[in-house]
J.: 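What follows is a structure written as structure tokens; I'll ask about it next.
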Amino acid sequence: MAAFPTKALKRDDTRLIIHFDYDCFYAAVFEKEDPKLRYLPLAVQQKQIIVTCNYEARRQGLHKLQRVTEARKTCPNAIIMLGEDLTRFRNASKENYDFLKRFAWSGRAERLGFDEVFIDVTDMVDYNLEMLNSHTLQSSFFHLSRNDPTLGFAFDCSNIAGDVVPENQTVTDTAMGQATSSLYIRLLLGSHLAQHLRYQLEEHQGYSSTVGISTSKLISKLVGNVNKPKGQTTLLPPYTSSDHGESNITLFLDEHDIGKIPGIGFKTAQKIRGHVLAHPAAIDHGLVYGGTEENVKVRDVRLFPSMGVEVLEKLLGGSGSPKDIAIRVWSLINGIDTSEVGRAREVPQQISIEDSYIRLDAMAEVERELKLLSRSLLSRMRIDLSCVEEHEDMLGERRGTERATNGNRSSRQWLAYPKTLRLTTRPRPARNPDGTRSRTFNRISRSCDMPPLVLNLSSSIEDQSEVLVRETLIPLFHKLHPEKSGWDLSLMNLCAASISLTAASSKDGAGRDISKMLKLQQRVLKDWKVEEPNAEELDAPPVSIYPANFGEGAVEAVENKPLVATKDTFLVADSQDEATSETYENDNIWESDDEVPGLGYTCTKCGLAVPDFAITAHERFHDLPD
DNA sequence: CTGTTCAAG
DNA sequence: CTTTCTTGAACAG
């Protein structure tokens with residue numbers, strides 16, 4: 001047959017992926033808004049539960065997904081903020097994501113939920129690997145740009161930044177990994193980049209994070225969890241087993257509960273547990289603590305007799321399950337995750353809002369709630385799917401969708417629009433007279449075409465939602481619940497789906513992104529004025545390889561044209577050769593040649609003094625095409 | 001295409 | 001497998 005596990009289980013460790021997890025994100029958003037909250041026990045509430053809390057609150061006994069009543073009892077002085085409106089979290093998440101994405105050459109930055117980001121930094125690490133000067137590892141320079149060799153930071157390349165797993169691996173073991181492949185040094189470079197990004201995120205955005213560094217999304221994410229707040233962890237090589245011992249991937253993964261592996265959800269984990277335990281199931285503690293934990297670890301599954309793709313196919317395959325579920329799960333168990341870090345998505349594929357209810361059984365209530373939900377949905381559609389269109393050059397332009405009010409020089413325009421409107425409810429299981437409890441907590445939905453009226457940007461959301469509820473949502477609701485009464489809903493969800501791009505989006509969306517990038521880059525570059533380049537200091541601000549006014553000249557040029565900073569940019573500055581040298585002497589950037597090793601080199605092409613760590617980059621700069 | 005299920009935080 | 005509020009992928013029909 002076709003299933004050959006060996007083929008799917010080939011490791012590929014040529015990538016380098018960093019996983020970010022903002023520390024207790026919802027709480028951090030409130031803390032940033034009001035820094036007084038920083039050192040107080042702070043929790044965020046949605047309905048009846050604490051969805052997250054800061055570390056001070058955790059110290060005092062609070063935890064995630066705790067009942068509010070219980071939390072109040074445990075910690076009466078805790079400050080509890082209402083977090084049902086996700087707007088502030090969504091905005092903060094987007095800002096952080098944009099900030100991090102800006103660093104990624106590959107553009108591969110993927111958001112997972114509001115508080116996690118994967119970045120594929122393979123190209124950045126590979127480039128910096130080439131740039132390394134093996135004679136001056138302690139005073140290395142990490143390049144954050146291919147075009148602008150002044151952009152980057154100093155670091156000590158003789159040690160990994162942050163924590164590692166396994167903690168007590170001997171130097172010889174690590175050195176052997178280094179000797180056999182470039183994996184160790186690439187992880188090392190990744191760890192320093194991760195540390196830099198982590199510090200930048202905290203300094204510029206005000207969010208601390210926890211990161212993991214490895215060669216796949218799977219391992220990066222899992223290894224990050226090892227040192228929780230404000231930490232970073234790198235999984236050390238070897239990543240393959242040998243005569244000397246087991247792969248660190250296997251050693252690390254084997255200790256995890258099978259259900260903790262990202263990609264193996266509750267249902268899949270239960271099926272696997274049932275197989276390994278040989279008895280049907282074991283309902284994990286539905287209540288609080290103290291339940292009998294039936295722990296099935298990855299190792300138990302991996303080493304279970306005859307376990308493999310075929311057994312998993314029998315167990316997990318069949319109707320309704322993904323086609324390649326067995327191979328995927330078996331790969332994950334063996335530490336292999338080939339999934340790529342996704343590229344940024346222009347606009348979301350769907351926008352949905354929902355609310356849950358203690359009791360919702362009357363049509364009048366439903367109508368009122370639908371009105372509220374549709375208002376939020378329409379508002380979010382405008383925020384996320386439309387943008388302000390400046391049109392100084394409107395003369396002679398044809399624009400069918402244009403709704404500019406007279407006298408306005410700018411108006412809103414749709415970048416994308418939803419084709420479908422979906423209403424979802426979750427009926428509370430009907431209580432049967434004979435006491436049998438129906439246990440279906442499932443959602444049901446009906447959908448229809450999105451009425452075009454919602455695209456009219458000049459009519460008010462109020463008016464639109466009123467019409468939408470009356471003409472569309474009420475009929476949709478009756479389609480879901482034909483009975484006039486007898487139902488009781490615990491939830492309603494409204495979703496704008498099948499969102500597709502308009503013609504305006506590709507042109508304008510790109511323009512918006514670029515102008516945003518310019519602003520961010522300018523902001524950051526200002527902070528990166530040439531300062532004391534102390535290479536010993538690990539977290540020193542990025543340092544120019546050029547003397548002061550040369551560097552500033554370069555920065556100015558880059559500010560004007562950051563995305564096309566090539567040789568020309570520097571040739572302008574280069575023409576001030578003499579002034580450059582003078583300033584260099586006078587400003588006394590580097591105290592003496594002794595203190596900074598590597599000032600001895602003067603470029604034969606431009607006569608510039610270049611420190612060791614920058615020689616390769618400087619030569620490459622001369623090699624740049626015109 | 002519509003509606004459901006699973007997984008993620 | 002539930003609390004909350006979302007988003008995305010994939011499947012059946």
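Within every chain, numbering begins at 1; the chains are lettered A, B, ... in the order of the sequence lines, protein sequences first and strands thereafter.
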J.: In whole Å, I'd like the distance from the CD1 atom of Ile325(A) to the P atom of dA12(C).
T.: 13 Å
J.: What contact category does Arg380(A) fall into here, base, sugar-phosphate, or nothing, at under 4.0 angstrom with non-hydrogen atoms?
T.: sugar-phosphate
J.: According to a strict under-4.0 Å criterion, is Lys47(A) in side-chain N/O contact with OP1 or OP2 of dC5(C)?
T.: yes
J.: Under 4.0 angstrom, heavy atoms only, what part of the nucleic acid is Ser498(A) near: base, sugar-phosphate, or nothing?
T.: nothing
J.: Can you tell me if Lys221(A) touches the phosphate of dG9(B), counting only side-chain N or O atoms and a distance under 4.0 Å to OP1 or OP2?
T.: yes
J.: Between the side chains of Tyr22(A) and Ser93(A), does any donor sit under 3.5 Å from an acceptor?
T.: no
J.: Tell me whether the OP1 or OP2 atom of dT2(B) has a side-chain N or O from Ser445(A) closer than 4.0 Å.
T.: no
J.: Which part of the nucleic acid does Asp21(A) contact within heavy-atom distance under 4.0 Å: base, sugar-phosphate only, or nothing?
T.: nothing
J.: Any base atoms under 4.0 Å from Arg111(A), or only sugar-phosphate, or nothing? Heavy atoms, all strands.
T.: nothing
J.: Just the rounded figure in Å: distance from C1' of dA10(C) to CD1 of Ile327(A).
T.: 17 Å
J.: Within the pair Gln349(A) and dA9(C), is there a side-chain N or O less than 4.0 Å away from OP1 or OP2?
T.: yes
J.: Looking at the side chain of Leu112(A), which of dT4(C), dG9(B), dT6(C) is the nearest nucleotide?
T.: dG9(B)
J.: Between C1' on dT3(C) and NE2 on His63(A), what's the gap in Å once rounded to a whole number?
T.: 12 Å
J.: Would you confirm whether Thr268(A), through its side chain, and Ile264(A), through its main-chain N or O, come within 3.5 Å as a donor-acceptor pair?
T.: no
J.: Check every atom of dG9(B), dC5(C), dG3(B) against the side chain of Arg446(A) and return the nucleotide holding the closest atom.
T.: dG3(B)
J.: Look at the side-chain N and O atoms of Arg426(A) and state whether any lies under 4.0 Å from the OP1 or OP2 oxygen of dT3(C).
T.: yes
J.: Please work out if Ile351(A) contacts a base, only the sugar-phosphate, or nothing of the nucleic acid, heavy-atom cut-off 4.0 Å.
T.: sugar-phosphate
J.: Measure from CZ on Arg443(A) to P on dC1(C) and round the result to the nearest Å.
T.: 17 Å
J.: Tell me whether the side-chain N/O atoms of Ser321(A) come closer than 4.0 Å to OP1 or OP2 in dC6(B).
T.: no
J.: Within the structure shown, what part of the strands sits under 4.0 Å from Ile261(A) by heavy-atom distance: base, sugar-phosphate, or nothing?
T.: sugar-phosphate
J.: Starting at atom CG of Leu222(A), determine the distance to atom P of dA8(B), rounded to an integer number of angstrom.
T.: 11 Å
J.: Is the gap between the ring centers of Phe30(A) and Phe89(A) under 6.0 Å?
T.: yes
J.: Could you tell me whether the side chains of Thr215(A) and Asp13(A) share a donor-acceptor contact shorter than 3.5 Å?
T.: yes
J.: Using a 6.0 Å cut-off, check whether atom CZ of Arg470(A) has over 12 heavy atoms from anything other than its own residue.
T.: yes
J.: Side chains of Arg428(A) and Ser490(A): do they bring a donor and an acceptor to under 3.5 Å?
T.: no
J.: Distance check needed: dC5(C) C1' versus Gln45(A) CD, whole Å only.
T.: 14 Å
J.: Could you state the NZ-C1' distance from Lys260(A) to dG9(B), rounded to the nearest angstrom?
T.: 14 Å
J.: dC6(B), dG8(C), dT7(C): which one has an atom nearest the side-chain heavy atoms of Ser352(A)?
T.: dT7(C)
J.: How about Ser386(A) and Arg412(A): does a side-chain donor come under 3.5 Å of a side-chain acceptor?
T.: yes
J.: Give a yes/no answer on whether the side chain of Ser356(A) brings an N or O atom under 4.0 Å of OP1 or OP2 in dT3(C).
T.: no
J.: Just compare dG3(B), dG8(C), dC11(C) and give me whichever is closest to any side-chain atom of Gln350(A).
T.: dG8(C)
J.: Among the candidates dG9(B), dT6(C), dT2(B), find the nucleotide nearest to the side-chain atoms of Glu116(A).
T.: dG9(B)
J.: Of all the nucleotides listed (dT6(C), dT2(B), dC11(C)), which has the minimum atom distance to the side chain of Leu86(A)?
T.: dT6(C)
J.: Over all strands shown, is Leu65(A) touching base, sugar-phosphate only, or nothing at heavy-atom distances under 4.0 angstrom?
T.: base
J.: Expressed in angstrom and rounded to an integer, what is the separation of Asp257(A) atom CG from dC1(C) atom C1'?
T.: 14 Å
J.: Strictly below 4.0 Å: does Arg345(A) bring a side-chain N or O up to OP1 or OP2 of dG8(C)?
T.: yes
